[in-house]
Each structure stands twice: as structure tokens, then as C-alpha cells.
Amino acid sequence: MRIFSGIQPTGIIHIGNYLGALNQWVELQEKNECIFCIVDLHALTAPFDPKTLQDLILEKAIVYLASGIDPEKSIIFVQSQVKEHTELTWLLNTVTPVGDLTRMTQYKEKSKKFKANLNAGLLNYPILMAADILLYQTDVVPVGEDQEQHVELTRTIARKFNQKFGQVFKVPEVKLSKSGARIMSLQEPAKKMSKTDKPESYLGLFDEPEEIKGKIMRAVTDTGRVIKYNPKAKPGISNLLTLYSAFSGKSIKELEKKFKKKGYAEFKKSLAELLVSSLEPFRRKRKELLAREVYVQEILKQGAKRAQVIAQSTLENAKKKMGLT
Ligand code: AQP
């Protein structure tokens, strides 16, 4: 099967991104043809600094490699280096209902967050995402729960195009991570963990041990004493249990038993230790890769070449069907 997914270069990669997306990518690359993109064009829809963009792109390539994405098995590339993404976006714009775009949860949330910079790109974001996915005749899109609605819209756009102009695009399926599809904010556990929130609310994949300990110990919980999974009544503790389970491989039931007579502080201390040791390999590999910038840039260059071959053929077919060539 062909797999496509991407992450924006701006902001830090947090453990929500890791558990919701990257972690599944590493598994999927073993048996599938995988294409993983650094979606820099998507990042332009939120406030960003042009001076730091290239560094952030390189850092995300390092995140992919440090997480275990193998460039021998998977294609890794930067979205803006394959111009077919923007060209197909325009074609797909013409079959996408505006009403579908305005009802997207991400658009509603981000248009509140970025009131002062409400650009059309934020509204059209899912169309660019549809182009990303459809260019590669993707079978499966592994994402966190927050992106599920966008993949659903991608399916609608593919069907609409195919019906109107003839069969061009494969209609992709979404794949959510078994655990960790929705990791919540450490400070406001009713909201998803988000890289555009304040740093105390997320745990970066490369955070240093002291930062990890501090953020976990300060994570917002309820006033109760029982360590029990109940996302509605105890969203904070439930989120921490999800993290514990994802990084230890133990089930939530086992963990509830293990911490039955323990207080929140002891549970948090144990979770912080687990996270410090689980994230250590990521910090180590990042340091190694930072010293090998030329190698990482070469992976991106080769990745873009390989991706473009597939993208070009789909775009040509779409243009032909629309009467453009
Ligand atoms: N909290 C989360 N839990 C599980 N998965 C998550 N993802 C994001 N947040 C969580 C998944 O990470 C992948 C990359 O997402 P992105 O770079 O497109 O960013 P995003 O979805 O907009 O979420 P972020 O990273 O937190 O950024 P902002 O602050 O912009 O909302 C996707 O597969 C996503 O599902």
C-alpha cells in the first residue's frame, strides 16, 4: 500500500505529533511504500518568521530521521520543492464547496486563534492537504484525530473530481493511531496538545530532562486523589495515563492497578522518569544528525526528485481530464 503523511515545519514537534503520527509512520514503513512530507506551504497559514523557516525545515527532517524514518525505505521531502502540490491545489479549488471548508473544526478554531491574520490560506488549507495526498495515489493517511476531518474532505474532493472529469484519483483511507490519536494539553486538558500554544502545555520530543520533569509535575489535574481513566470527569489524569501507557507499553488497566494507592505526585514523578528515559534516544540521535547537515539536505533533495516523478504523472492526468492539455 502507498502511505502519505506530513508535519508542518514551524513550531516544535511535541509528543502529540509523535504518538499521533510519527510513531505509526515508523511501523508502516516496514511493509508499505511510504512518502513523508515536511509541509512548509501549510505553515505559511499561521504567523511565521521567514528568517527561521529553513532551519525549522532542516530540524523537522532531523526529527523524522531521529524518530526512525529510514530514507532507504521511505521518501522524505519538502512540500514546496515539488511544485505540483500548488498546481493541483488550484485545480481542486474549483471542485471544493466553500461550505465544506468553513465547517472544518481546525478552521473554526484557528480563525479564532489568529483573528488578526485571518488569511484565505487558513480556509483553503484542506485543499492543499487534499492535493498532497491525492498526487501520490495514496491508499492510507496516518494522522492524529484532529486531521481526520481533513482526510474525509480529501475523499469528498477526490470523488467529486473523478465523477465530474473521469477517474484520476484514488480515494484514500484514514488511519488513526491505536493509542495517542489525541494527546491533550498539559495545561488545559480539555484541549488537544498544540504546538501553537504556550510551551508549558506541550512536551517537545527533544525536551531536556529538567524541562520534562517540570512540565509533568506542573501538569493540570483535578482535585481528586484517585488515578483512574475517565476523560470526561478527569481529563488531566486520563491524558497522563494515556502518555504513560503509550511510552511503557502497559495497558491503562494495569497502570490504574499499579498506582491504586498512590497519590498524583508519585504518579507524575514516575511518569516523568519514564519520559526522560524514553525520549533520551531522540535527543542523542538529534545531536548526531545536527552535525551531519549535508547528509540530511541530500536526503531531502533525493526525496523531492523521487516524489516529483509520481506527482507529475498524476497532475498531467488531472490536467488532461480537465481539458487543459
Ligand atoms: N495533540 C495531538 N495528539 C495526537 N496527534 C496530534 N497531531 C497534532 N496534534 C496532535 C498530529 O500530528 C501530525 C502533524 O500535525 P501538523 O504539523 O499538521 O500540526 P497540527 O495538526 O496543526 O497540530 P499541532 O502540531 O499541534 O499544530 P497546531 O498548533 O497548528 O494545532 C498530524 O498527523 C496531526 O494529526
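For ligands, and for the atoms within them, numbers begin at 1 and follow the listed sequence. FYI, the numbering just counts along the sequence from 1. A quick note: this is a predicted structure, and the numbers were derived from the prediction, not measured.
The aromatic ring centres of Tyr107 and His150 sit 6.0 Å or more apart.
Residues Ser5 and Pro142 share a closest heavy-atom pair of OG-O, 2.8 Å.
No cation-pi contact links Arg283 to Phe206, judged by a cut-off of 6.0 Å to the six-membered ring centre and 45° from its axis.
In this structure Ser194 satisfies the side chain to side chain contact (heavy atoms under 4.5 Å, CB included) test together with Lys113, Lys192, Thr196, Asp197, sequence neighbours excluded.
Put simply, the side chain of Leu65 does not reach to within 4.5 Å of the side chain of Lys285, judged on heavy atoms. Using a 4.5 Å heavy-atom threshold, the side chains of Met193 and Arg182 count as separate.
Ligand 1 lies under 4.0 Å from heavy atoms of Gly6, Ile7, Gln8, His14, Gly16, Asn17, Gly20, Ala21, Gln106, Lys110, Tyr125, Val143, Gly144, Asp146, Gln147, Gly180, Ala181, Arg182, Ile183, Lys192, Met193, Ser194, Lys195, Thr196.
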